[in-house]
Amino acid sequence: MRAVLPYGGSAVLVESQDVLGLQAALAADPPVGVVELVPAARTLLVRFDPAVVEVASLTRLLSSVSTVDVVTGASEAVTVPVRYDGADLVDVAEASGLSVREVVSLHSSASYVVSFCGFAPGFAYLTGLDPALHLPRRSVPRTRVPAGSVAIAGEYSAVYPRASPGGWHLVGTTSVSVWDVERDPPNRLTPGTRVRFEAA
Amino acid sequence: MTGKVEVLATGPFATVQDLGRPGLAAVGVGRSGAADRSSLRLANRLVGNPETHAALEVTLGGLRLRVSEAALVAVTGAEVEVRAGRRAAGPNGPLVLRAGEELVLGTATRGLRCYVAIRGGFDVRPVLGARATDTMGGLGPPPLAPGMTLPVGDVVAGQPVVDLAPLARLPEEPVLRVTPGPRLDWFTRTTLSTLVTAVYTVTADLDRVGVRLDGPSLDCARSGELPPEAAVPGALQVPPSGVPILFLADHPVTGGYPVPAVVCEPDLDVAAQLRPGQRVRFALDVTSPTPATSG
(Lines give C-alpha, C1' and ligand atoms only; values in the text may rest on other atoms or scores of the structure.)
Protein backbone atom coordinates (compact mmCIF):
# COMPACT_ATOMS: atom_id res chain seq x y z
CA MET A 1 0.00 0.00 0.00
CA ARG A 2 1.22 3.47 -0.81
CA ALA A 3 -0.08 6.84 0.36
CA VAL A 4 -2.61 8.56 -1.90
CA LEU A 5 -3.05 12.15 -0.77
CA PRO A 6 -6.00 14.43 -1.62
CA TYR A 7 -5.23 17.36 -3.95
CA GLY A 8 -8.40 19.27 -4.79
CA GLY A 9 -11.47 17.96 -6.56
CA SER A 10 -9.78 16.49 -9.62
CA ALA A 11 -6.34 15.26 -8.58
CA VAL A 12 -4.58 13.06 -6.05
CA LEU A 13 -0.89 12.90 -5.20
CA VAL A 14 0.57 9.40 -4.97
CA GLU A 15 3.76 8.81 -2.99
CA SER A 16 6.03 6.19 -4.48
CA GLN A 17 9.57 4.87 -4.22
CA ASP A 18 9.37 4.15 -7.95
CA VAL A 19 7.61 7.10 -9.55
CA LEU A 20 8.61 6.20 -13.11
CA GLY A 21 7.55 2.57 -12.60
CA LEU A 22 4.16 3.69 -11.29
CA GLN A 23 3.75 6.17 -14.15
CA ALA A 24 4.65 3.45 -16.67
CA ALA A 25 2.12 1.06 -15.14
CA LEU A 26 -0.68 3.64 -15.29
CA ALA A 27 0.29 4.76 -18.80
CA ALA A 28 0.25 1.16 -20.05
CA ASP A 29 -3.16 0.42 -18.52
CA PRO A 30 -4.87 3.77 -17.89
CA PRO A 31 -7.53 3.63 -15.16
CA VAL A 32 -10.94 4.94 -16.24
CA GLY A 33 -11.23 8.70 -15.74
CA VAL A 34 -7.51 9.44 -15.42
CA VAL A 35 -6.59 12.39 -17.66
CA GLU A 36 -2.99 13.26 -16.81
CA LEU A 37 0.06 11.94 -14.95
CA VAL A 38 2.70 14.35 -13.64
CA PRO A 39 5.78 12.74 -12.12
CA ALA A 40 7.99 14.58 -9.62
CA ALA A 41 10.80 13.62 -7.24
CA ARG A 42 8.90 11.26 -4.92
CA THR A 43 5.33 11.63 -6.08
CA LEU A 44 3.05 11.18 -9.07
CA LEU A 45 0.18 13.62 -9.53
CA VAL A 46 -2.82 11.86 -11.01
CA ARG A 47 -5.43 14.19 -12.51
CA PHE A 48 -8.84 12.70 -13.10
CA ASP A 49 -12.30 13.65 -14.32
CA PRO A 50 -14.57 13.58 -11.25
CA ALA A 51 -17.58 13.15 -13.55
CA VAL A 52 -16.18 9.81 -14.71
CA VAL A 53 -14.51 8.29 -11.66
CA GLU A 54 -15.06 8.62 -7.91
CA VAL A 55 -12.03 9.64 -5.92
CA ALA A 56 -12.55 6.83 -3.38
CA SER A 57 -12.36 4.05 -5.94
CA LEU A 58 -9.46 5.69 -7.77
CA THR A 59 -7.63 6.06 -4.46
CA ARG A 60 -8.11 2.36 -3.73
CA LEU A 61 -6.78 1.43 -7.15
CA LEU A 62 -3.78 3.76 -6.96
CA SER A 63 -2.78 2.64 -3.49
CA SER A 64 -2.37 -0.96 -4.60
CA VAL A 65 -1.52 -0.95 -8.33
CA SER A 66 1.74 -2.76 -9.12
CA THR A 67 4.58 -0.78 -10.66
CA VAL A 68 6.28 -2.05 -13.78
CA ASP A 69 10.00 -2.35 -14.32
CA VAL A 70 11.11 0.58 -16.42
CA VAL A 71 13.82 -0.94 -18.54
CA THR A 72 16.00 2.13 -18.78
CA GLY A 73 18.32 0.30 -21.14
CA ALA A 74 15.53 -0.12 -23.68
CA SER A 75 15.84 3.31 -25.23
CA GLU A 76 19.05 4.70 -26.65
CA ALA A 77 20.77 7.23 -24.42
CA VAL A 78 20.84 10.88 -25.50
CA THR A 79 24.44 12.10 -25.57
CA VAL A 80 24.91 15.72 -24.60
CA PRO A 81 28.35 17.18 -25.48
CA VAL A 82 29.48 19.62 -22.79
CA ARG A 83 32.16 22.31 -22.77
CA TYR A 84 33.13 22.26 -19.09
CA ASP A 85 33.57 26.00 -18.76
CA GLY A 86 30.82 26.80 -16.22
CA ALA A 87 31.11 29.86 -14.01
CA ASP A 88 30.77 27.73 -10.87
CA LEU A 89 33.16 24.92 -11.84
CA VAL A 90 35.95 26.10 -9.53
CA ASP A 91 33.52 26.71 -6.65
CA VAL A 92 32.02 23.26 -7.11
CA ALA A 93 35.49 21.71 -7.01
CA GLU A 94 36.32 23.62 -3.85
CA ALA A 95 33.04 22.81 -2.11
CA SER A 96 33.33 19.11 -2.88
CA GLY A 97 37.04 18.85 -2.08
CA LEU A 98 37.98 17.78 -5.60
CA SER A 99 40.04 19.14 -8.46
CA VAL A 100 38.26 20.67 -11.45
CA ARG A 101 39.49 17.74 -13.53
CA GLU A 102 37.90 15.30 -11.06
CA VAL A 103 34.60 17.19 -11.11
CA VAL A 104 34.53 17.03 -14.91
CA SER A 105 35.41 13.35 -14.85
CA LEU A 106 32.72 12.49 -12.27
CA HIS A 107 30.05 14.54 -14.04
CA SER A 108 30.81 13.17 -17.51
CA SER A 109 31.24 9.53 -16.55
CA ALA A 110 27.92 8.98 -14.78
CA SER A 111 24.81 7.76 -16.59
CA TYR A 112 21.71 9.79 -15.92
CA VAL A 113 17.97 9.23 -16.18
CA VAL A 114 15.32 11.95 -16.48
CA SER A 115 13.33 11.66 -13.28
CA PHE A 116 10.81 14.43 -14.00
CA CYS A 117 10.39 17.84 -15.64
CA GLY A 118 9.45 21.08 -13.99
CA PHE A 119 10.61 24.58 -13.08
CA ALA A 120 10.38 25.63 -16.75
CA PRO A 121 9.21 24.10 -20.04
CA GLY A 122 11.65 21.33 -20.96
CA PHE A 123 13.67 21.58 -17.74
CA ALA A 124 14.50 17.93 -16.94
CA TYR A 125 15.73 16.79 -13.52
CA LEU A 126 18.40 14.13 -14.16
CA THR A 127 19.22 11.61 -11.46
CA GLY A 128 22.48 9.71 -11.38
CA LEU A 129 24.78 12.51 -10.24
CA ASP A 130 27.75 11.19 -8.28
CA PRO A 131 27.07 11.77 -4.54
CA ALA A 132 30.46 13.51 -4.25
CA LEU A 133 28.91 16.34 -6.29
CA HIS A 134 25.69 16.72 -4.27
CA LEU A 135 25.69 20.35 -3.14
CA PRO A 136 22.93 22.65 -1.90
CA ARG A 137 21.80 25.35 -4.34
CA ARG A 138 23.64 28.66 -4.54
CA SER A 139 22.58 30.87 -1.65
CA VAL A 140 21.96 33.72 -4.09
CA PRO A 141 20.29 32.60 -7.33
CA ARG A 142 21.38 34.19 -10.61
CA THR A 143 18.81 36.41 -12.26
CA ARG A 144 19.82 35.08 -15.67
CA VAL A 145 21.29 31.71 -16.57
CA PRO A 146 21.96 31.31 -20.32
CA ALA A 147 20.19 28.62 -22.36
CA GLY A 148 22.29 25.48 -22.71
CA SER A 149 23.93 25.84 -19.30
CA VAL A 150 24.71 22.47 -17.75
CA ALA A 151 24.21 22.66 -14.01
CA ILE A 152 23.99 20.65 -10.80
CA ALA A 153 22.11 21.06 -7.51
CA GLY A 154 21.29 18.55 -4.80
CA GLU A 155 21.08 15.07 -6.28
CA TYR A 156 20.26 16.41 -9.77
CA SER A 157 21.90 17.63 -12.94
CA ALA A 158 20.09 19.57 -15.68
CA VAL A 159 20.42 21.53 -18.91
CA TYR A 160 18.74 24.96 -18.83
CA PRO A 161 16.31 24.82 -21.79
CA ARG A 162 16.29 28.59 -22.23
CA ALA A 163 17.60 31.67 -20.48
CA SER A 164 15.96 32.00 -17.07
CA PRO A 165 16.73 32.84 -13.47
CA GLY A 166 18.38 29.94 -11.65
CA GLY A 167 20.07 28.87 -8.45
CA TRP A 168 21.98 25.83 -9.67
CA HIS A 169 25.77 25.55 -9.99
CA LEU A 170 26.89 26.02 -13.58
CA VAL A 171 29.52 23.49 -14.64
CA GLY A 172 29.41 23.83 -18.43
CA THR A 173 27.52 24.60 -21.60
CA THR A 174 26.11 22.55 -24.45
CA SER A 175 25.01 23.46 -27.94
CA VAL A 176 22.36 20.73 -27.88
CA SER A 177 18.89 22.28 -27.87
CA VAL A 178 16.87 20.35 -25.29
CA TRP A 179 13.74 22.44 -25.90
CA ASP A 180 12.30 23.88 -29.11
CA VAL A 181 8.61 24.74 -29.40
CA GLU A 182 8.85 24.48 -33.19
CA ARG A 183 9.80 20.82 -32.85
CA ASP A 184 7.35 17.99 -32.21
CA PRO A 185 7.81 16.90 -29.49
CA PRO A 186 9.46 20.13 -28.24
CA ASN A 187 11.51 18.41 -25.54
CA ARG A 188 14.45 16.06 -26.04
CA LEU A 189 14.46 14.91 -22.42
CA THR A 190 11.26 13.31 -21.08
CA PRO A 191 10.81 11.28 -17.88
CA GLY A 192 12.63 7.97 -18.32
CA THR A 193 15.10 9.21 -20.96
CA ARG A 194 18.71 8.13 -20.35
CA VAL A 195 21.33 10.84 -20.74
CA ARG A 196 25.14 10.89 -20.92
CA PHE A 197 27.29 13.99 -20.77
CA GLU A 198 30.42 13.91 -22.92
CA ALA A 199 33.32 16.34 -22.40
CA ALA A 200 33.74 18.21 -25.69
CA MET B 1 -9.00 36.02 -41.73
CA THR B 2 -11.67 38.67 -41.46
CA GLY B 3 -9.84 41.81 -40.49
CA LYS B 4 -7.54 42.88 -37.76
CA VAL B 5 -7.50 44.70 -34.48
CA GLU B 6 -5.02 47.41 -33.61
CA VAL B 7 -4.04 47.75 -29.95
CA LEU B 8 -3.97 51.46 -29.01
CA ALA B 9 -3.62 51.14 -25.21
CA THR B 10 -3.33 48.15 -22.89
CA GLY B 11 -3.81 49.34 -19.32
CA PRO B 12 -1.37 47.90 -16.74
CA PHE B 13 -1.13 44.41 -18.27
CA ALA B 14 -3.05 42.60 -20.97
CA THR B 15 -2.49 39.27 -22.73
CA VAL B 16 -4.08 36.93 -25.24
CA GLN B 17 -5.62 33.93 -23.47
CA ASP B 18 -7.64 30.86 -24.32
CA LEU B 19 -8.21 27.69 -22.28
CA GLY B 20 -4.49 26.88 -22.28
CA ARG B 21 -2.31 23.81 -22.79
CA PRO B 22 -3.66 20.96 -20.69
CA GLY B 23 -1.81 17.65 -20.55
CA LEU B 24 1.79 18.89 -20.93
CA ALA B 25 2.76 19.23 -17.28
CA ALA B 26 4.99 16.16 -17.47
CA VAL B 27 7.33 18.06 -19.82
CA GLY B 28 7.24 21.16 -17.65
CA VAL B 29 4.50 23.07 -19.49
CA GLY B 30 1.65 24.34 -17.32
CA ARG B 31 -1.96 24.68 -18.45
CA SER B 32 -1.98 28.49 -18.33
CA GLY B 33 -4.96 30.04 -20.16
CA ALA B 34 -7.50 32.54 -18.80
CA ALA B 35 -7.23 33.16 -15.05
CA ASP B 36 -11.03 33.48 -14.91
CA ARG B 37 -12.04 30.70 -17.28
CA SER B 38 -15.80 31.11 -17.02
CA SER B 39 -15.57 34.79 -18.02
CA LEU B 40 -13.49 33.85 -21.08
CA ARG B 41 -15.99 31.17 -22.04
CA LEU B 42 -18.91 33.54 -21.60
CA ALA B 43 -17.27 36.27 -23.69
CA ASN B 44 -16.80 33.74 -26.49
CA ARG B 45 -20.37 32.44 -26.27
CA LEU B 46 -21.79 35.97 -26.39
CA VAL B 47 -20.25 36.53 -29.84
CA GLY B 48 -21.08 33.03 -31.11
CA ASN B 49 -17.53 31.67 -30.82
CA PRO B 50 -16.47 28.22 -29.66
CA GLU B 51 -15.56 28.59 -25.95
CA THR B 52 -11.97 27.64 -26.77
CA HIS B 53 -11.25 30.72 -28.93
CA ALA B 54 -8.58 33.20 -27.88
CA ALA B 55 -9.74 36.43 -26.24
CA LEU B 56 -7.97 39.24 -24.40
CA GLU B 57 -7.40 39.22 -20.64
CA VAL B 58 -7.15 42.81 -19.49
CA THR B 59 -5.89 43.52 -15.96
CA LEU B 60 -7.70 46.47 -14.33
CA GLY B 61 -9.10 47.75 -17.64
CA GLY B 62 -7.57 50.60 -19.65
CA LEU B 63 -7.69 48.78 -22.99
CA ARG B 64 -8.27 50.63 -26.28
CA LEU B 65 -8.66 48.78 -29.58
CA ARG B 66 -9.51 49.78 -33.15
CA VAL B 67 -11.09 47.29 -35.56
CA SER B 68 -10.25 47.40 -39.28
CA GLU B 69 -13.63 45.96 -40.27
CA ALA B 70 -17.06 45.70 -38.70
CA ALA B 71 -16.85 43.35 -35.74
CA LEU B 72 -18.90 41.87 -32.93
CA VAL B 73 -17.21 41.98 -29.51
CA ALA B 74 -18.13 41.25 -25.88
CA VAL B 75 -16.61 42.27 -22.56
CA THR B 76 -16.96 40.09 -19.46
CA GLY B 77 -15.29 39.64 -16.07
CA ALA B 78 -14.45 42.62 -13.87
CA GLU B 79 -16.97 45.47 -13.75
CA VAL B 80 -15.82 48.18 -16.12
CA GLU B 81 -17.17 51.10 -18.15
CA VAL B 82 -17.31 50.21 -21.85
CA ARG B 83 -17.49 52.47 -24.89
CA ALA B 84 -18.11 51.04 -28.38
CA GLY B 85 -17.33 53.71 -30.96
CA ARG B 86 -18.94 56.86 -29.54
CA ARG B 87 -21.67 54.87 -27.82
CA ALA B 88 -21.82 54.05 -24.13
CA ALA B 89 -22.04 50.27 -23.92
CA GLY B 90 -22.07 47.60 -21.26
CA PRO B 91 -20.43 44.33 -20.38
CA ASN B 92 -21.86 40.81 -20.71
CA GLY B 93 -23.52 41.28 -24.08
CA PRO B 94 -22.54 41.41 -27.77
CA LEU B 95 -21.48 44.88 -29.03
CA VAL B 96 -21.30 45.96 -32.64
CA LEU B 97 -18.27 47.93 -33.81
CA ARG B 98 -18.22 49.51 -37.28
CA ALA B 99 -15.06 49.49 -39.39
CA GLY B 100 -12.50 51.86 -37.88
CA GLU B 101 -14.29 52.22 -34.55
CA GLU B 102 -12.69 51.87 -31.14
CA LEU B 103 -13.57 49.73 -28.14
CA VAL B 104 -12.54 51.49 -24.94
CA LEU B 105 -12.51 50.02 -21.43
CA GLY B 106 -12.40 52.30 -18.39
CA THR B 107 -10.79 51.30 -15.10
CA ALA B 108 -12.26 48.18 -13.51
CA THR B 109 -14.32 49.15 -10.47
CA ARG B 110 -14.96 45.69 -9.04
CA GLY B 111 -12.90 42.63 -9.86
CA LEU B 112 -9.51 42.63 -11.57
CA ARG B 113 -9.60 41.00 -15.00
CA CYS B 114 -11.81 41.83 -17.99
CA TYR B 115 -12.13 39.57 -21.01
CA VAL B 116 -12.68 40.85 -24.53
CA ALA B 117 -13.82 38.36 -27.16
CA ILE B 118 -14.29 39.11 -30.85
CA ARG B 119 -16.44 37.10 -33.24
CA GLY B 120 -14.03 34.74 -35.04
CA GLY B 121 -11.46 34.89 -32.23
CA PHE B 122 -8.03 36.51 -32.02
CA ASP B 123 -6.16 34.37 -34.50
CA VAL B 124 -2.56 34.74 -33.29
CA ARG B 125 -0.18 31.88 -34.01
CA PRO B 126 -0.71 28.96 -31.62
CA VAL B 127 2.25 27.59 -29.63
CA LEU B 128 1.99 23.98 -28.47
CA GLY B 129 -1.68 23.94 -29.40
CA ALA B 130 -2.78 27.11 -27.63
CA ARG B 131 -2.73 30.89 -28.08
CA ALA B 132 -2.47 31.61 -24.35
CA THR B 133 0.40 33.70 -23.00
CA ASP B 134 2.09 31.66 -20.26
CA THR B 135 3.94 34.27 -18.22
CA MET B 136 5.73 31.64 -16.13
CA GLY B 137 6.79 29.34 -18.94
CA GLY B 138 7.43 32.11 -21.47
CA LEU B 139 5.18 30.52 -24.10
CA GLY B 140 2.65 32.02 -26.49
CA PRO B 141 2.33 35.58 -27.77
CA PRO B 142 4.03 38.43 -25.90
CA PRO B 143 1.88 40.62 -23.63
CA LEU B 144 -0.12 43.21 -25.56
CA ALA B 145 1.61 46.49 -26.34
CA PRO B 146 0.37 49.64 -28.07
CA GLY B 147 0.89 49.42 -31.83
CA MET B 148 0.45 45.66 -31.94
CA THR B 149 -1.92 44.23 -34.55
CA LEU B 150 -3.97 41.10 -33.88
CA PRO B 151 -5.53 39.09 -36.72
CA VAL B 152 -9.19 38.08 -36.38
CA GLY B 153 -10.18 34.55 -37.35
CA ASP B 154 -13.25 33.35 -39.22
CA VAL B 155 -14.24 30.19 -37.34
CA VAL B 156 -17.47 30.63 -35.38
CA ALA B 157 -19.81 28.27 -33.56
CA GLY B 158 -23.14 29.86 -34.50
CA GLN B 159 -25.16 33.05 -34.19
CA PRO B 160 -25.09 35.02 -30.94
CA VAL B 161 -28.31 34.18 -29.11
CA VAL B 162 -28.58 36.59 -26.17
CA ASP B 163 -28.33 40.37 -25.79
CA LEU B 164 -27.27 40.23 -22.18
CA ALA B 165 -26.08 37.48 -19.86
CA PRO B 166 -27.64 37.93 -16.41
CA LEU B 167 -24.84 37.56 -13.85
CA ALA B 168 -24.54 38.02 -10.12
CA ARG B 169 -22.11 40.77 -9.10
CA LEU B 170 -18.66 39.71 -7.94
CA PRO B 171 -18.68 39.40 -4.14
CA GLU B 172 -17.25 42.27 -2.09
CA GLU B 173 -15.60 39.86 0.36
CA PRO B 174 -15.39 36.47 -1.35
CA VAL B 175 -15.47 33.21 0.54
CA LEU B 176 -13.39 30.60 -1.26
CA ARG B 177 -14.14 26.97 -0.54
CA VAL B 178 -11.15 24.75 0.25
CA THR B 179 -10.45 21.06 0.69
CA PRO B 180 -7.52 19.64 2.71
CA GLY B 181 -4.32 19.54 0.67
CA PRO B 182 -1.72 16.80 0.29
CA ARG B 183 0.64 18.15 2.99
CA LEU B 184 -1.84 19.21 5.66
CA ASP B 185 -0.07 16.79 8.01
CA TRP B 186 3.13 18.87 7.72
CA PHE B 187 1.37 21.69 9.56
CA THR B 188 0.32 22.29 13.15
CA ARG B 189 -3.06 20.80 14.16
CA THR B 190 -4.87 24.13 14.17
CA THR B 191 -3.85 25.09 10.63
CA LEU B 192 -7.12 24.28 8.90
CA SER B 193 -9.21 26.00 11.58
CA THR B 194 -6.94 29.05 11.39
CA LEU B 195 -7.39 29.16 7.63
CA VAL B 196 -11.19 28.95 7.72
CA THR B 197 -11.71 31.41 10.59
CA ALA B 198 -9.21 34.12 9.66
CA VAL B 199 -9.70 37.04 7.29
CA TYR B 200 -6.90 37.42 4.78
CA THR B 201 -6.01 40.52 2.80
CA VAL B 202 -4.91 40.39 -0.81
CA THR B 203 -1.49 42.00 -1.20
CA ALA B 204 -0.23 43.93 -4.22
CA ASP B 205 2.09 40.97 -4.88
CA LEU B 206 -0.28 39.37 -7.33
CA ASP B 207 -0.08 38.23 -10.93
CA ARG B 208 -1.16 35.36 -13.16
CA VAL B 209 1.12 32.99 -11.22
CA GLY B 210 -0.48 33.58 -7.86
CA VAL B 211 -1.83 35.83 -5.14
CA ARG B 212 0.19 36.47 -1.99
CA LEU B 213 -2.09 36.87 1.01
CA ASP B 214 -1.57 38.76 4.23
CA GLY B 215 -3.00 37.37 7.47
CA PRO B 216 -2.34 34.78 10.17
CA SER B 217 0.58 32.56 9.24
CA LEU B 218 0.07 28.85 8.70
CA ASP B 219 2.78 27.12 10.67
CA CYS B 220 4.70 24.20 9.30
CA ALA B 221 5.39 21.63 12.01
CA ARG B 222 8.25 20.01 10.10
CA SER B 223 11.70 21.35 9.40
CA GLY B 224 12.64 19.13 6.45
CA GLU B 225 12.59 20.29 2.86
CA LEU B 226 9.90 18.94 0.57
CA PRO B 227 11.25 17.47 -2.67
CA PRO B 228 9.59 19.15 -5.68
CA GLU B 229 6.08 17.87 -6.42
CA ALA B 230 3.44 18.75 -8.96
CA ALA B 231 0.97 21.52 -8.13
CA VAL B 232 -2.54 22.37 -9.29
CA PRO B 233 -4.31 25.73 -9.73
CA GLY B 234 -5.92 26.63 -6.42
CA ALA B 235 -3.10 25.15 -4.32
CA LEU B 236 -2.31 27.24 -1.26
CA GLN B 237 1.45 26.97 -1.10
CA VAL B 238 3.07 27.98 2.17
CA PRO B 239 6.69 29.22 2.07
CA PRO B 240 8.71 29.40 5.32
CA SER B 241 7.18 32.83 6.11
CA GLY B 242 3.88 31.01 6.75
CA VAL B 243 1.90 33.39 4.53
CA PRO B 244 0.02 31.40 1.89
CA ILE B 245 0.29 32.00 -1.85
CA LEU B 246 -2.76 31.02 -3.87
CA PHE B 247 -1.73 29.51 -7.20
CA LEU B 248 -3.54 30.78 -10.30
CA ALA B 249 -3.36 29.91 -14.02
CA ASP B 250 0.41 30.30 -14.60
CA HIS B 251 1.51 28.52 -11.40
CA PRO B 252 4.78 26.57 -11.55
CA VAL B 253 4.30 22.98 -12.68
CA THR B 254 6.21 21.71 -9.66
CA GLY B 255 6.67 23.45 -6.35
CA GLY B 256 8.87 22.90 -3.35
CA TYR B 257 6.68 24.25 -0.54
CA PRO B 258 4.00 22.22 1.25
CA VAL B 259 0.32 22.67 0.37
CA PRO B 260 -2.08 22.36 3.36
CA ALA B 261 -5.28 23.23 1.45
CA VAL B 262 -6.62 23.64 -2.07
CA VAL B 263 -9.23 26.12 -3.30
CA CYS B 264 -12.06 24.35 -5.14
CA GLU B 265 -11.95 24.72 -8.91
CA PRO B 266 -15.35 26.45 -9.30
CA ASP B 267 -14.13 29.20 -6.95
CA LEU B 268 -10.89 29.86 -8.86
CA ASP B 269 -12.66 32.22 -11.26
CA VAL B 270 -13.66 34.38 -8.29
CA ALA B 271 -10.11 34.09 -6.91
CA ALA B 272 -8.76 35.38 -10.22
CA GLN B 273 -10.81 38.55 -9.71
CA LEU B 274 -9.25 39.41 -6.30
CA ARG B 275 -7.84 42.93 -6.10
CA PRO B 276 -5.01 44.21 -3.91
CA GLY B 277 -6.39 45.33 -0.55
CA GLN B 278 -9.52 43.20 -0.85
CA ARG B 279 -10.47 40.90 2.04
CA VAL B 280 -11.01 37.20 1.43
CA ARG B 281 -12.07 34.29 3.61
CA PHE B 282 -11.90 30.54 3.25
CA ALA B 283 -14.48 27.90 4.13
CA LEU B 284 -14.17 24.15 4.29
CA ASP B 285 -15.99 22.66 1.33
CA VAL B 286 -18.63 20.23 2.51
CA THR B 287 -20.22 19.45 -0.85
CA SER B 288 -17.42 17.51 -2.50
CA PRO B 289 -16.26 14.24 -0.98
CA THR B 290 -12.81 14.36 0.55
CA PRO B 291 -10.71 11.43 -0.59
CA ALA B 292 -9.72 9.12 2.21
CA THR B 293 -6.00 9.06 2.82
CA SER B 294 -4.62 5.59 2.73
CA GLY B 295 -1.21 4.04 3.29
* Side chain, backbone, both or neither of B/Leu24 within contact of chain A (heavy atoms, under 4.5 Å) -> backbone

* To do: Determine the option with the most heavy-atom pairs under 4.5 angstrom with chain A, choosing from B/Gly137, B/Pro22, B/Gly256, B/Ala261.
  => B/Gly137

* chain A contacts, top residue of B/Gly181, B/Gly23, B/Pro227 (heavy-atom pairs, under 4.5 Å) -> B/Gly23

* Structure fact -> Applying a strict 4.5 Å limit to non-hydrogen atoms, the region of B/Pro233 in contact with chain A is side chain

* **Which atoms of A/Ser64 approach chain B - backbone, side chain, both or neither, heavy atom under 4.5 Å** => neither

* Determine the minimum heavy-atom distance between B/Pro228 and A/Ala40, stating which atoms define it. => O-CB, 3.2 Å

* To do: Using a cut-off of 6.0 Å, state whether more than 12 heavy atoms not belonging to A/Gln17 lie near its atom CD.
  => no

* Structure fact -> Interface check, chain A: of B/Val259, B/Val253, B/Leu184, most non-hydrogen pairs under 4.5 Å belong to B/Val259

* Structure fact -> Correct closest heavy-atom pair for B/Ala230 and A/Tyr7 would be O-CE1, 3.3 Å

* **Side chain / backbone / both / neither for B/Glu265 at chain A, heavy atoms under 4.5 Å** => side chain

* Is the count of non-hydrogen atoms from other residues, nucleotides or ligands lying under 6.0 Å from B/Phe122 atom CZ greater than 12? -> yes

* **Best-contacting candidate, B/Asp134, B/Val232, B/Asp185, against chain A by heavy atom pairs under 4.5 angstrom** => B/Val232

* Asked: B/Pro182 and A/Leu5: which non-hydrogen atoms are nearest, and at how many Å?
  -> O-CD1, 3.5 Å

* Structural part of B/Arg177 lying under 4.5 Å from a heavy atom of chain A -> neither

* **chain A interface, residue from B/Gly30, B/Gly234, B/Pro252, B/Gly138 that has the most non-hydrogen pairs under 4.5 Å** => B/Gly138

* Asked: Of the backbone (N, CA, C, O) and the side chain (C-beta and beyond), which part of B/Ala231 lies under 4.5 Å from a heavy atom of chain A, both, or neither?
  -> both

* Asked: Which atoms form the tightest heavy-atom contact between A/Pro186 and B/Leu128, and what is the distance?
  -> CG-CD2, 3.7 Å

* Proximal component of B/Val263, with respect to chain A [non-hydrogen, under 4.5 Å] -> neither

* Please look at B/Val127 and chain A and tell me whether the side chain, the backbone, both or neither of the residue comes under 4.5 angstrom of a heavy atom of that chain. => side chain

* Can you run down the salt bridge (charged side-chain N to carboxylate O under 4.0 Å, His left out) pairs that involve residues 22-47 of chain A, sequence neighbours left out, and say none if there aren't any? => A/Glu36-A/Arg47, A/Arg42-A/Glu155

* So which bits of residues 117-124 of chain A come within less than 4.5 Å of chain B, counting non-hydrogen atoms only? -> A/Cys117, A/Gly118, A/Phe119, A/Ala120, A/Pro121, A/Gly122

* Structure fact -> When the 4.5 angstrom heavy-atom criterion is applied to A/Glu15 and chain B, the contacting part is side chain

* Asked: So does A/Arg137 have more than 12 non-hydrogen atoms from other groups sitting under 6.0 Å from CZ?
  -> no

* Asked: Would you find more than 12 non-hydrogen atoms of other residues, nucleotides or ligands less than 6.0 Å from A/Arg183 atom CZ?
  -> yes

* Structure fact -> Note: A/Leu37 and B/Ala26 closest approach over all heavy atoms is O-CB, 3.7 Å

* May I ask you to name which of B/Val27, B/Leu139, B/Val178, B/Val262 has the most heavy-atom pairs under 4.5 Å with chain A? => B/Val27

